[in-house]
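Here's the structure, in structure tokens; my notes come after.
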Number of protein chains: 2
Amino acid sequence: MNKTEIKELVKSIFPHIENVALQHILSSANYIELAKGTELIRAGERHRYFYLILRGSVKTYYLKESKQICSWFAFENHIVATLTTIAGDKPSSETIELLEDSAFVQFETKSIKNLAESNLSASHFMTELITEHATFLEERLYLLQFMSSKERYYALIERAPEVLQKVSLTDIASFLGISRETLSRIRSLK
Amino acid sequence: MNKTEIKELVKSIFPHIENVALQHILSSANYIELAKGTELIRAGERHRYFYLILRGSVKTYYLKESKQICSWFAFENHIVATLTTIAGDKPSSETIELLEDSAFVQFETKSIKNLAESNLSASHFMTELITEHATFLEERLYLLQFMSSKERYYALIERAPEVLQKVSLTDIASFLGISRETLSRIRSLK
DNA sequence: GCTTTCATGTGACATATATCACAAAGCTAT
DNA sequence: ATAGCTTTGTGATATATGTCACATGAAAGC
């Protein structure tokens, strides 16, 4: 995948982005391929990059008493980042790990943030990125607070059926906030 | 409270804001006082304003089967808004209601959003506002997904003890995602 | 092809929480 | 002060979910 193709892709995902900003962002962008199990971002560490998934999938998780508790999964054409990395400059509290061999465009966070200091279009890009993330968080919060585990499971397979294809039931259960066994029983109901 | 005082207050809460942007934002700002029970923002409606609490408190809730389920409470010096109102221009899914007689600075959302289109400092202001909201959501999500109801209760009174002073246990229970009775039992444990 | 390992399903039981019913205490208005 | 309303506490019971143990089946490595 060459720079022109990357450019077209980023443009299609963020249609509002201006050419100057786009050029700047792409100057720090690289195409990379990584193997299943690789940790893109590791909890407790600062990170210089965020990613756009071209092919493959990742899971994001916290560690609680050395058990992985998933907070989300991402697939093709989605941005992979943590809020602490993008917005603050603090160590990530989550780990992001490849579920399968995958390909990404890697962006340098600093480069975009620097540009956003002086460039309006880049600042809008940041706002859009964070707004998208916040909207997603709000939806997930709503599900966790107001829906039963059954409802959350059905909402998940409706909203993101690809999760069921690519993610283990252990990870899905931790994401839904229930035990593996309970998920198994919900699934066997119909 | 006059414009100069409002200006100083907004400046102290958002120290990075530029003078041009500040002037523009303040031009649409008004001081208002409202009575307990007033709905600042009503679920299902679009809203032109967001607010800064000068004195008093509010609760934010969803309706589920005609029962109020609180999603947050806010007190002095905090911004009151919903993401759908600030970021999108969609009807709010939450209602925001005064817990007591309160005083606010009312800002016109459109005015700030318009300015952010062309003014860098205002755009940064928007980014900051939404980032703050997202950070808050992420923390709440973490508590809901990873902590037991006891832990969530203790986390709440540690992080925001004023909630206990001003909010009914019914509302706190709905916020924690548990029944009123369960909260009552947690409280009686020690 | 066989063995090992891992993911998933299921039963038995313990625990946490919800629900319903009612009592007690605190506020509010007259 | 009194009556009525709201908030909070608590007991009894039902339900949902977690935990532990083990079985089954699929995938991976030799």
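Reminder, nothing fancy here: chain letters follow the sequence lines and each chain counts from 1.
Rounded to whole Å, atom C1' of D/dT6 lies 15 Å from atom CG of B/L99. Distance, A/K166 NZ to C/dA7 P: 18 Å, rounded to whole Å. Computed from coordinates, the A/I172 CD1 to C/dA7 C1' distance equals 12 Å when rounded to whole Å. Atom CZ in B/R152 sits roughly 12 Å away from atom C1' in C/dA16 (whole-Å rounding). Here D/dT8 presents its P atom at 11 Å from OH of B/Y153, a figure rounded to the nearest Å. Atom CG of B/L169 and atom P of C/dA25 are 16 Å apart (whole Å). Between the P atom of C/dG9 and the CG atom of A/L189 lies a distance of 12 Å, rounded to the nearest Å. Between the P atom of D/dT7 and the NZ atom of B/K59 lies a distance of 9 Å, rounded to the nearest Å.
In terms of hydrophobic clustering, with Ile, Leu, Val, Met, Phe, Trp and Tyr side chains grouped at heavy-atom distances under 4.5 Å, B/I178 and A/Y142 are assigned to different clusters.
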| query | Base, backbone or nothing for each nucleotide of nucleotides 15-30 of chain D, written B, S, -, heavy atoms under 4.0 angstrom, 5' to 3'? | reply | --SSBBB---------
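In this view, A/K3 satisfies the side-chain contact (heavy atoms from CB on, under 4.5 Å) rule with no residue, not counting sequence neighbours. Take B/I32 and apply the side-chain contact (heavy atoms from CB on, under 4.5 Å) test, not counting sequence neighbours, and it matches B/L34, B/Y51, B/F104, B/Q106. Not a single ring-ring contact (aromatic ring centres under 6.0 Å, His included) links A/F75 to another residue, sequence neighbours left out. In this view, B/E39 and B/R42 satisfy the salt bridge (charged side-chain N to carboxylate O under 4.0 Å, His left out) rule, not counting sequence neighbours. Applying the ring-ring contact (aromatic ring centres under 6.0 Å, His included) rule to B/F125 yields the partners B/F14; only residues at least two apart in sequence or on another chain are considered. In this structure A/N114 satisfies the side-chain contact (heavy atoms from CB on, under 4.5 Å) test together with A/K110, sequence neighbours excluded. Take B/F50 and apply the ring-ring contact (aromatic ring centres under 6.0 Å, His included) test, not counting sequence neighbours, and it matches B/F107. Evaluation of the ring-ring contact (aromatic ring centres under 6.0 Å, His included) rule for A/Y61 yields no partner, not counting sequence neighbours.
For A/S188 and C/dT10, the shortest distance from a side-chain N or O to OP1 or OP2 is below 4.0 Å. Considering only side-chain N and O atoms, B/S168 lies nowhere under 4.0 angstrom from the phosphate OP1 or OP2 of D/dT6.
In the helix from C/dG1-D/dC30 to C/dT30-D/dA1, the rotation axis of the first five pairs and that of the last five pairs differ in direction by 50°, rounded to 10 degrees.
Around NE2 of B/H24, the count of heavy atoms belonging to other residues, nucleotides or ligands within 6.0 Å exceeds 12.
For residues 25-35 of chain B, the pairs satisfying side chain to side chain donor-acceptor pair (under 3.5 Å) are B/Y31-B/E33, with sequence neighbours left out.
Residues from residues 139-146 of chain A with heavy atoms under 4.0 angstrom of DNA chain C: there are none.
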